[in-house]
Asks: 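Pasting in a structure now, in structure tokens, and then I'll have a few things to ask.
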Number of protein chains: 2
Amino acid sequence: MNPSRPQEFRTAVRPSLRQEVAEAIKSYILDNRLKPGDPLPSEAELCTALGASRSSIREAVKTLAVLDIVEVRRGHGTYVGRLGLSALVEGLAFRGLLSPKDDFRVLAELIEVRELIECGLAERILATLAPEDLDALDGLVDEMDLRGAHDGEGFAACDRAFHERLMEPLGNRLVSQLSLAFWDVYAIVAPHLQGLTAEDEAGTIADHRAIVRAAREGDAQGFVRALAGHYAPVRRRLADARTATGAADATDSGTADTDPAGAEVPEKAASIA
Amino acid sequence: MNPSRPQEFRTAVRPSLRQEVAEAIKSYILDNRLKPGDPLPSEAELCTALGASRSSIREAVKTLAVLDIVEVRRGHGTYVGRLGLSALVEGLAFRGLLSPKDDFRVLAELIEVRELIECGLAERILATLAPEDLDALDGLVDEMDLRGAHDGEGFAACDRAFHERLMEPLGNRLVSQLSLAFWDVYAIVAPHLQGLTAEDEAGTIADHRAIVRAAREGDAQGFVRALAGHYAPVRRRLADARTATGAADATDSGTADTDPAGAEVPEKAASIA
DNA sequence: CGCCATTTGTACGTATGTATT
DNA sequence: CAATACATACGTACAAATGGC
């Protein structure tokens, strides 16, 4: 009945000085057409310019720093941020960590989106992948092979770089960053799960080789199949874990924001540390 | 050569009390398995519990509030946030507003992602759309028609609700929220552009009707075609605007994070307000 | 209705650590 | 090393909003 958005009206009456300051800083960046890395006025200057105290300026700057709109270097100054998706990563990662019972669902959704992005762009990826890109991808798989089981860190880094290199030639910064952001979230959340068998490194390497092979042959269908094969075991493990814990509800169709499962609400919680 | 991530190492040496406090609050939420809406300790309690001053507590809370991990109600208290994607919207919107010359590119990328999501999930959408969903979609288009040109606000709200209803039955909260987040970003950024002809309301309504029709007939290909037809004019306008301003570079292949276009860097900028 | 307790918002002052020059 | 500029952190006081009495 009411198609308007549910939220977004909490402090609309009074924008709260801090938000005004934040908006002023954003306007300053926009009006002066600053680019990432450009210096911003110091806190003291902002105080006098905006007529607010340090507290408000600092809080506002911190909020902008979280959004990667501003970057603060201690003892150096504040600068225009890189406008990345770090906030998305942090927010999604926390969401994933928060619902450990329903956690598998969040991760499953994440994998689904990653697969959707890469498979949906398969044809365009194949069309834009240059021979040097293919060589680079092969090199990354080789490096994964070298790291093997010794260096899990490096192994993961190669995996990330592989998917980065896969999307990069498309020239769409947004999809590249989104894809990597989801990769990061998965890397953060997955280790905190129980019941997930460890990554199968040999299988992962084989999957990536199959992906490169299909790409080299220009076989779009094979490319999609290889990608699906790469994500399939993860999806299966997630599905198994969900059914094992009995936390599965296939026909959810919730409002995607409210959690209907209502347990007791702690009126006053325990110790904090 | 170095496949590790470029950023994320600014204050790794010294986690800066504020971040420690933020982590402590997040841990508190996680350890006590709180849900959105649950109350959190007051700032004073956090001060004594974490042994930090109120300034630090406040700054930490504000950063968490930006990420929608925490919600602050003045004169009331702080509560667990809704864990939405508001940070993504704000960050992407600012990015879009910041590069007005290259702006069309950001919006074009945005549209591409929206189309990718909806088209890539077309078959699954058709499989899960119930008759009542189709009726609701038709009702939304009718409402769009009613609002017409009088109420642009309501028209946009119906458009948003339409795409929301389209994705909702899938049961994947992440894709639903992502889709809507991108819609929001577009709605924020698009009005600030020049050279973009106004939305064609009649055409938009016809597009949505075609989408519902294809969905009702279970025609996946027609569904995808209808969606593409919906986004096509926007893409074309964006492409025209980009070529018109001469800001087009088809074979970009940048690193997706650094802006190679380097102009002069203002050492010290002008007035702020 | 006013009053009051609680809680967050804003302001100011001061001291300390850090990086640059 | 000293001087400077900046960010960090703490403490206190008051203002404003909310909810219950």
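What you see is a predicted model, and the numbers here were worked out from it, not measured in a lab. Labels below follow one simple rule: chain letters A, B, ... track the order of the sequence lines, proteins then strands, and each chain is numbered from 1.
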Asks: Without decimals, in angstroms, what is the distance between A:E45 CD and D:dC6 P?
Replies: 6 Å
Asks: Nearest to the side chain of A:S42 - D:dT8, D:dC6, C:dG9?
Replies: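 The listed nucleotide nearest to A:S42's side chain is D:dC6.
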Asks: From CG of A:L50 over to P of C:dT10, roughly how many Å is that when rounded to an integer?
Replies: 13 Å
Asks: Could you give the CD-to-P distance, from B:E20 to D:dT8, as a whole number of Å?
Replies: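 After rounding, the reported distance stands at 14 Å.
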Asks: Just checking, any donor-acceptor pair under 3.5 angstrom between side chains of B:S42 and B:E45?
Replies: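 Yes.
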Asks: Rounded off to whole Å, could you give me the CZ-to-P distance for the A:R58 and C:dC12 pair?
Replies: 16 Å
Asks: How long is the line joining CG of B:L40 and C1' of C:dT6, in whole Å?
Replies: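 Taking CG of B:L40 and C1' of C:dT6, I get 16 Å after rounding.
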Asks: Please compare A:E59 and B:G77 by the position of their nearest nucleotide in DNA chain C and report the one closer to 5'.
Replies: B:G77
Asks: Can you tell me which residue among B:I69, B:D68, B:V70 is in a side-chain contact (heavy atoms from CB on, under 4.5 Å) with B:L83?
Replies: B:I69
Asks: As a test of reading the structure: which of D:dG11, C:dT8, D:dT8 is closest to the side chain of B:T78, going by heavy atoms?
Replies: C:dT8
Asks: Could you check which of D:dT8, C:dT10, D:dC10 has an atom nearest any side-chain atom of A:V72?
Replies: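 Of the options given, the side chain of A:V72 lies nearest D:dT8.
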Asks: Please report the interatomic distance CG(B:L67) to CG(A:L67), rounded to the nearest 0.5 Å.
Replies: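 If we round to the nearest 0.5 Å, B:L67:CG and A:L67:CG are 7.5 Å apart.
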Asks: Are any non-hydrogen side-chain atoms of A:R95 and A:V189 less than 4.5 angstrom apart?
Replies: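 No, too far: nothing below the 4.5 Å cut-off.
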Asks: Expressed in angstrom and rounded to an integer, what is the separation of A:Q19 atom CD from C:dT10 atom C1'?
Replies: 14 Å
Asks: Tell me whether the side-chain N/O atoms of B:K62 come closer than 4.0 Å to OP1 or OP2 in C:dT8.
Replies: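 Result: no.
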Asks: For B:Y79 and D:dT18, give me the distance from atom OH to atom P, rounded to whole Å.
Replies: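 The answer, rounded to whole Å, is 12 Å.
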Asks: Rounded to whole Å, please give me the gap between CZ in A:R18 and C1' in C:dT8.
Replies: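 The answer, rounded to whole Å, is 9 Å.
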Asks: Closest-nucleotide mapping onto DNA chain D: is A:E43 or B:R54 further toward the 5' terminus? I mean the 5' end.
Replies: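 Closest to the 5' end, via its nearest nucleotide, is A:E43.
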Asks: Where the side chain of B:H76 is defined as all heavy atoms beyond and including C-beta, which of D:dC6, D:dT18, C:dG9 is the nearest nucleotide?
Replies: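 Selected nucleotide (nearest to the side chain): D:dT18.
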Asks: Go through D:dT8, C:dA11, C:dT8 for me and flag the one nearest to the B:R74 side chain.
Replies: C:dT8
Asks: Show your working on salt bridge (charged side-chain N to carboxylate O under 4.0 Å, His left out) between B:R73 and B:E71 and close with a plain yes or no.
Replies: CA-CA 7 Å; B:R73 288 203 281 266; B:E71 182 182 353; 3.7 Å; yes
Asks: Would you state whether a donor and an acceptor, one from the side chain of A:S55 and one from the base of C:dC12, lie under 3.5 Å apart?
Replies: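 Per atom types, the contact qualifies.
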